[in-house]
Amino acid sequence: CYRTPIMRRVPLLLLFLTLHRLRLAPAADQFTFDGFAGANLTLNGTAAVTADGLLMLTNGTTLLKGHAFYPSPLRFHRGAAGGGGAVMRSFSAAYVFGIASEYADLSSPGLAFVVARSTDFSTALQSQYMGLANAANNGNATNHFLAVELDTIVNAEFGDMSDNHVGVNVNGLVSQVASDAGYYDDATSAFRNMSLLNRTAAQVWVDFDARASLVNVTMAPLELPKPKKPLLSTTVNLSAIIDGGEAFVGFSSSTGVVASRHYVLAWSFKMDGGPAPSLNISKLPALPETTVPKPDPSKTLKIVLPIASAAFVFALAIIALLIRWRWHKYAELKEDWEVTFGPHRFSYKDLHHATKGFRDERLLGIGGFGRVYRGVLPVSGVEVAVKKVSHESRQGMKEFVAEVVTIGQLRHRNLVQLLGYCRRHGELLLVYDYMPNGSLDKLLHHQDGPVLNWGQRFRIIKGVACGVLYLHEDWEQVVLHRDIKASNVLLDAEMNGRLGDFGLARLYDHGTDPHTTHVVGTMGYLAPELGHTGRASKASDVFAFGVFMLEVACGRRPVVQDEHGDHHLLVDWVAERWRGGTVTDAVDPRLRGDFVVEEASLVMKLSLLCSHPLPGARPGVQQIVQFLDGSAALPELSEAHLGFNLQTLMRNQVLNSLSSSSTVAGNISDIPAAR
Ligand SMILES: Nc1ncnc2c1ncn2[C@@H]1O[C@H](COP(=O)(O)OP(=O)(O)O)[C@@H](O)[C@H]1O
Ligand SMILES: *[C@@H]1O[C@H](CO)[C@@H](O)[C@H](O)[C@H]1NC(C)=O
Ligand SMILES: *[C@@H]1O[C@H](CO)[C@@H](O)[C@H](O)[C@H]1NC(C)=O
Ligand SMILES: *[C@@H]1O[C@H](CO)[C@@H](O)[C@H](O)[C@H]1NC(C)=O
Ligand SMILES: *[C@@H]1O[C@H](CO)[C@@H](O)[C@H](O)[C@H]1NC(C)=O
Ligand SMILES: *[C@@H]1O[C@H](CO)[C@@H](O)[C@H](O)[C@H]1NC(C)=O
Ligand SMILES: *[C@@H]1O[C@H](CO)[C@@H](O)[C@H](O)[C@H]1NC(C)=O
Ligand SMILES: *[C@@H]1O[C@H](CO)[C@@H](O)[C@H](O)[C@H]1NC(C)=O
Ligand SMILES: *[C@@H]1O[C@H](CO)[C@@H](O)[C@H](O)[C@H]1NC(C)=O
Ligand SMILES: *[C@@H]1O[C@H](CO)[C@@H](O)[C@H](O)[C@H]1NC(C)=O
């Protein structure tokens with residue numbers, strides 16, 4: 001039997017249409033995002049939803065692109081797909097955008113609302129291509145997209161009109177129509193400029209009228225309702241553009257060399273005419289006002305920055321080390337009690353500079369206490385001698401410094417002035433007036449160099465006597481020198497003898513019982529009683545002064561060596577000559593007899609008086625000064641006075657003192673006293 005083809009075809013067509021309808025059932029015809037928190041979007045590239053619910057298309061990194069699409073495709077056709085018979089559906093979209101550029105008037109290209117057949121923009125370029133196309137396919141119909149661009153860069157290649165324009169683009173970056181960003185005032189129809197870049201969110205409406213194939217683009221500040229007159233209006237063949245029934249809607253953006261962030265704050269979409277659902281502006285996440293991040297380091301910066309920061313850290317470390325080193329170099333010890341001695345305290349730095357860092361060329365000599373350097377104080381320009389005394393114990397330091405400072409108050413033309421001190425770890429620095437002519441013993445005992453004449457010698461002796469007198473009598477407390485000797489007498493510019501090192505012997509005493517101080521002084525200058533009492537006195541200073549006078553007059557060291565190599569005390573040696581009546585023979589042969597005989601014998605005789613083994617028999621310094629300047633007559637030396645050998649006596653005494661010191665005293669008590 002024959003059936004009509006139509007009758008048979010109808011159910012098939014119906015079935016086909018039904019199936020077709022089912023297959024094309026739209027995922028959604030309408031949606032609203034008042035903020036994107038929790039939104040289901042297909043994101044790619046730099047696009048992300050921030051914690052605040054902002055759709056961030058670009059994240060402030062340069063030369064990147066970002067895409068965000070509604071996850072499922074939308075059906076833009078009514079009726080059968082493909083061919084000219086298809087009827088397009090109208091649609092409306094509204095969205096709020098914001099651009100945050102690192103500069104107020106310069107940004108990266110911009111962002112675009114896109115209707116596209118595919119979400120795959122992997123071959124598209126960033127920067128001026130806005131993530132939509134590339135140089136090869138720009139404008140090619142195979143791109144299948146319609147875009148509404150918000151463009152903030154003038155790209156001459158695309159015929160851009162300004163750096164603040166809105167355009168309608170089909171398959172490429174060249175706008176079919178474009179306008180400066182802005183809107184037409186409803187009341188006056190006047191155009192009002194808007195800035196895409198001023199970090200203020202604004203709203204855009206994209207309306208497609210399928211019947212007229214017309215796309216209208218409208219924008220306005222957030223606070224305004226949609227203006228009646230669109231900013232742009234142009235016809236597009238949407239069917240041809242998307243080439244099919246389905247397409248995706250979303251946004252594309254990219255950055256160029258400026259690290260901008262492009263945001264979408266809200267978005268609504270509706271198919272089949274009628275305005276897109278209005279956006280609840282009060283619900284919108286705030287556009288971050290100051291979120292413009294510091295420009296992400298560009299490629300060069302990425303290389304330079306680590307190196308620069310490493311160099312910086314390295315430099316800091318070096319500086320820190322230098323500071324530490326300097327601190328260490330100039331470190332001093334300073335304690336509260338020193339405040340009272342403030343004026344007498346020198347900074348180590350000054351002394352370091354004064355002595356050119358304690359250089360060897362500045363070394364004046366090495367004495368019993370340490371090295372002595374010549375220096376010039378930085379500010380005053382005063383020439384000083386800096387004595388470095390190594391001193392480990394902190395104990396007793398306070399007392400010692402107190403004493404040094406007290407001694408610093410002693411001022412006399414025959415004393416080497418102590419100017420101050422400085423304390424460091426394990427080191428004490430004493431600052432004295434500089435004595436240009438050095439120490440007396442060098443002049444006396446150096447075979448080469450100038451010879452001091454008798455007049456100079458006598459003046460030095462008298463000067464030192466005055467210095468000792470000042471120490472013993474003119475100060476409120478008796479200052480014992482304890483180490484009077486030629487090497488402690490320095491000569492100033494006028495060849496005055498000045499006694500130095502006074503009080504320094506106390507340095508040895510620290511922490512020990514003052515009554516059992518160990519013997520301080522120099523062999524040959526030590527008074528015999530020091531051997532058993534160990535206690536320094538004015539008389540022991542006088543004894544040493546006597547030996548000093550002999551040293552100056554005779555030009556010999558206090559311990560002389562005879563032709564047999566035996567050692568004798570200079571005192572005994574002179575006493576022997578005195579007894580032989582040839583005391584002037586003892587005078588320094590380097591004077592070649594050029595001396596005043598009376599003065600020479602006065603000095604010799606006075607020395608012998610001062611060297612009396614009994615402390616009580618020695619004259620006081622007052623008397624010595626009087627004898628020297630002739631205002632008092634020297635007593636005669638008796639035979640008995642000269643009838644002993646001091647060396648033998650001392651040797652015996654030292655031995656005897658081990659058993660009984662009184663016995664020793666008794667042994668020599670029959671020796672007549674000087675007075
Ligand atoms: N104030 C000074 N001016 C110039 N030279 C000095 C001064 N003080 C010390 N000197 C020199 O430093 C050397 C050592 O001094 P010092 O320590 O006093 O010696 P000592 O401990 O043997 O008495 C001296 O021989 C002298 O040449
Ligand atoms: C931006 O996104 C890119 C790619 O997702 C990423 O490599 C970059 O670190 C991001 N930059 C910032 C500032 O988050
Ligand atoms: C997001 O949407 C897609 C497409 O509609 C769907 O497959 C997916 O399950 C959705 N994801 C979530 C988390 O809702
Ligand atoms: C981005 O798009 C490309 C091309 O479509 C795709 O290969 C890639 O997986 C996408 N990345 C993400 C994070 O969706
Ligand atoms: C457009 O792209 C296709 C495929 O990529 C290519 O074959 C065609 O030549 C291009 N057309 C133009 C005008 O560039
Ligand atoms: C709008 O801005 C453009 C570019 O800055 C300018 O040329 C134009 O005159 C402005 N128009 C109005 C109405 O302000
Ligand atoms: C940005 O421009 C809009 C209009 O174009 C204006 O209303 C707004 O006050 C401007 N904002 C700033 C921060 O200049
Ligand atoms: C588009 O704008 C024109 C005026 O330019 C207007 O007549 C028309 O109704 C608008 N269409 C839509 C869908 O808004
Ligand atoms: C739109 O494009 C399609 C396919 O390219 C074509 O068939 C149709 O005639 C075009 N419509 C108009 C109004 O140009
Ligand atoms: C907008 O949002 C606010 C707060 O979320 C709400 O109170 C208000 O009712 C909303 N307005 C509309 C028109 O939905």
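Atoms considered below: every heavy atom in the structure, side chains included; atoms not considered: hydrogens, waters and symmetry mates. Numbering of residues begins at 1 and proceeds along the displayed sequence. Numbering of ligands and ligand atoms starts at 1, following listing order.
- The pair R411-D474 fails the salt-bridge criterion, with no side-chain N (NZ, NE, NH1 or NH2) lying under 4.0 Å from an Asp/Glu carboxylate O.
- For atom 25 (O) of ligand 1, the choice among G365, P436, S439 with the nearest heavy atom turns out to be S439.
- If you check which protein heavy atom lies closest to atom 18 (O) of ligand 1, you get K387 NZ, 2.8 Å.
- Within ligand 2, counting atoms from 1 as listed, the ones closer than 4.0 Å to a heavy atom of L64 are 3 (C).
- Some N or O of K442 is nearer than 3.5 Å to an N or O of ligand 1, by distance alone.
- Side-chain atoms of S108 come within 3.5 Å of backbone atoms of V258 as a donor-acceptor pair (strictly under, hydrogens ignored).
- Among all protein heavy atoms, the one lying closest to atom 15 (O) of ligand 1 is V372 CG2, 3.5 Å.
- Aromatic rings of Y434 and Y432 (six-membered ring for Trp) have centroids beyond the 6.0 Å cut-off, not under it.
- Taking the centre of each ring, Y95 and W205 stay at or above the 6.0 Å mark.
- For the pair D52 (side chain) and P285 (backbone), a donor-acceptor distance under 3.5 Å is absent.
- Nearest protein neighbour of atom 4 (C) of ligand 1, counting heavy atoms only, is M435 O, 3.2 Å.
- Dense packing is recorded around CZ of R590, with more than 12 heavy atoms of other residues, nucleotides or ligands lying under 6.0 Å away.
- The side-chain tip of R362 does not point at the ring of Y373 from less than 6.0 angstrom away and within 45° of straight on.
- Taking distance alone, with nitrogen or oxygen atoms compared against 3.5 Å, K485 stays at or beyond that limit from ligand 1.
- Under a 4.0 Å criterion applied to the non-hydrogen atoms of A385, ligand 1 contributes the atoms 1 (N), 2 (C), 3 (N), 7 (C).
- Checking each of L429, V384, L419 against F346 for a side-chain contact (heavy atoms from CB on, under 4.5 Å) leaves exactly one that passes, namely L419.
- Checking side-chain atoms of N414 against main-chain N and O of G497 turns up a donor-acceptor pair under 3.5 Å.
- With respect to atom 19 (O) of ligand 1, the closest heavy atom belonging to the protein is G367 CA, 3.3 Å.
- Side chain of S439 to backbone of V489: no donor-acceptor contact under 3.5 angstrom is found.
- Contact annotation for D441 and ligand 1: no heavy atom of the residue comes within less than 4.0 Å of the ligand.
- Remark: distances from the non-hydrogen atoms of G45 to ligand 2 include one below 4.0 Å.
- Nearest protein neighbour of atom 23 (O) of ligand 1, counting heavy atoms only, is N488 OD1, 2.3 Å.
- A pairwise comparison of heavy atoms in Q126 and T255 identifies CB-O, 3.8 Å as the closest pair.
- At the top of the distance list for atom 21 (O) of ligand 1, counting protein heavy atoms only, stands G368 N, 2.7 Å.
- Taking atom 8 (N) of ligand 1 as the reference point, the nearest protein heavy-atom neighbour is L490 CD1, 3.6 Å.
- Each of the following atoms of ligand 1 lies closer than 4.0 Å to a heavy atom of Y434: 3 (N), 4 (C).
- Of the N or O atoms in T46, none lie within a sub-3.5 Å distance of an N or O in ligand 2.
- In this pair, F69 and F248 present their aromatic rings perpendicular. The plane angle is above 60°, beyond the 30 to 60° band.
- Nearest approach of G375 to T355, heavy atoms of both residues: CA-CG2, 4.1 Å.
- Heavy-atom contacts of L364 reach the following atoms of ligand 1: 4 (C), 5 (N), 6 (C), 11 (C), 27 (O) (cutoff under 4.0 Å).
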Show me the short polar-atom pairs for ligand 10: any N or O of it lying under 3.5 Å from a protein N or O, with distances only.
| residue | atom | partner | partner atom | Å |
| --- | --- | --- | --- | --- |
| ligand 10 | 2 (O) | N280 | OD1 | 3.3 |
| ligand 10 | 2 (O) | N280 | ND2 | 2.2 |
| ligand 10 | 11 (N) | N280 | ND2 | 2.7 |
| ligand 10 | 14 (O) | N280 | ND2 | 3.3 |

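- For the pair D433 and ligand 1, the shortest N or O to N or O distance falls below 3.5 Å.
- For ligand 1 and V416, the ligand atoms under 4.0 Å from any heavy atom of the residue are 1 (N).
- Side-chain polar atoms of N198 and T200 form a donor-acceptor pair below 3.5 angstrom.
- With respect to D588 and R457, a salt bridge is recorded, a charged nitrogen being found less than 4.0 Å from a carboxylate O.
- With F31 as the fixed residue, the ring pair (Phe, Tyr, Trp, His ring centres under 6.0 Å) test singles out one of F91, F36, F269: F269.
- Heavy atoms of N59 found under 4.0 angstrom from ligand 2 belong to the backbone as well as the side chain.
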